[in-house]
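Encoded as structure tokens, the structure appears first; notes follow it.
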Amino acid sequence: QVQLVESGGGLVQAGGSLRLSCAQSGRTFSNYAMGWFRQAPGKEREFVAAINWNGDSTYYVDSVKGRFTIARDNAKNMVYLQMNSLKPEDTAVYYCAANEYTTIVVPIWHTGGMDYWGKGTLVIISS
């Protein structure tokens, strides 16, 4: 069983930055593609970013391209989401997710068919 624990959420002003972290335990970290989803108040959960098993391939939703960067450290079993130029519409609970395909299978990430989920960390962007 895989456990995912997010951290790093908080309140920040528009234009600011935050870095989310996700710690994985339970299975070999490099066996999974990792990523982030978010759910804003009153909205469905949406895909944000994904990274393949060794970090040399990434994929983002259009709304965060150029502002967010996903990265992973397989030695530490960690995945990160660096969020810059934050906007009020980025306000959401952010969830870490793991998928057993080591490569990024885009339809799986878009439909949210993940194998494991964290409990989320709240990000609030004030205007």
Does the cation-pi check pass for R72 over Y80, that is, NZ or CZ under 6.0 Å from the six-membered ring centre and within 45° of its axis? no

Within the 4.5 Å heavy-atom criterion, are W36 and C22 side-chain neighbours or not? yes

Smallest separation among heavy atoms of W53 and N74, with atom names: O-ND2, 2.9 Å

Do the side chains of E46 and R38 get close enough for a salt bridge, i.e. N-O under 4.0 angstrom? yes

Taking every non-hydrogen atom, the tightest pair across L18 and L86: N-CD1, 3.8 Å

Looking only at heavy atoms, which two atoms of M114 and A97 are closest? And how far apart? CG-CB, 3.5 Å

Is the closest basic N to carboxylate O distance between K87 and D90 below 4.0 Å? no

Do M34 and C96 have side chains that approach each other closer than 4.5 Å (heavy atoms only, starting at C-beta)? yes

Quick check: do V79 and I51 have side-chain heavy atoms less than 4.5 Å from each other? yes

Separation between CD of Q82 and OG of S17, rounded to the nearest 0.5 Å: 5.5 Å

Please evaluate residues M83 and Y94 with respect to the criterion side chain to side chain contact (heavy atoms under 4.5 Å, CB included), reporting the C-alpha separation (whole Å), side-chain torsions for both, the decisive distance (0.1 Å), and the verdict. CA-CA 11 Å; M83 306 187 295; Y94 282 72; 3.8 Å; yes

Do the side chains of T121 and V93 get nearer than 4.5 Å, heavy atoms only? no

Roughly how far apart are I125 CD1 and S85 OG, rounded to 0.5 Å? 11.0 Å

Would you check if Y59 and F47 make a side-chain contact, meaning some heavy-atom pair closer than 4.5 Å? yes

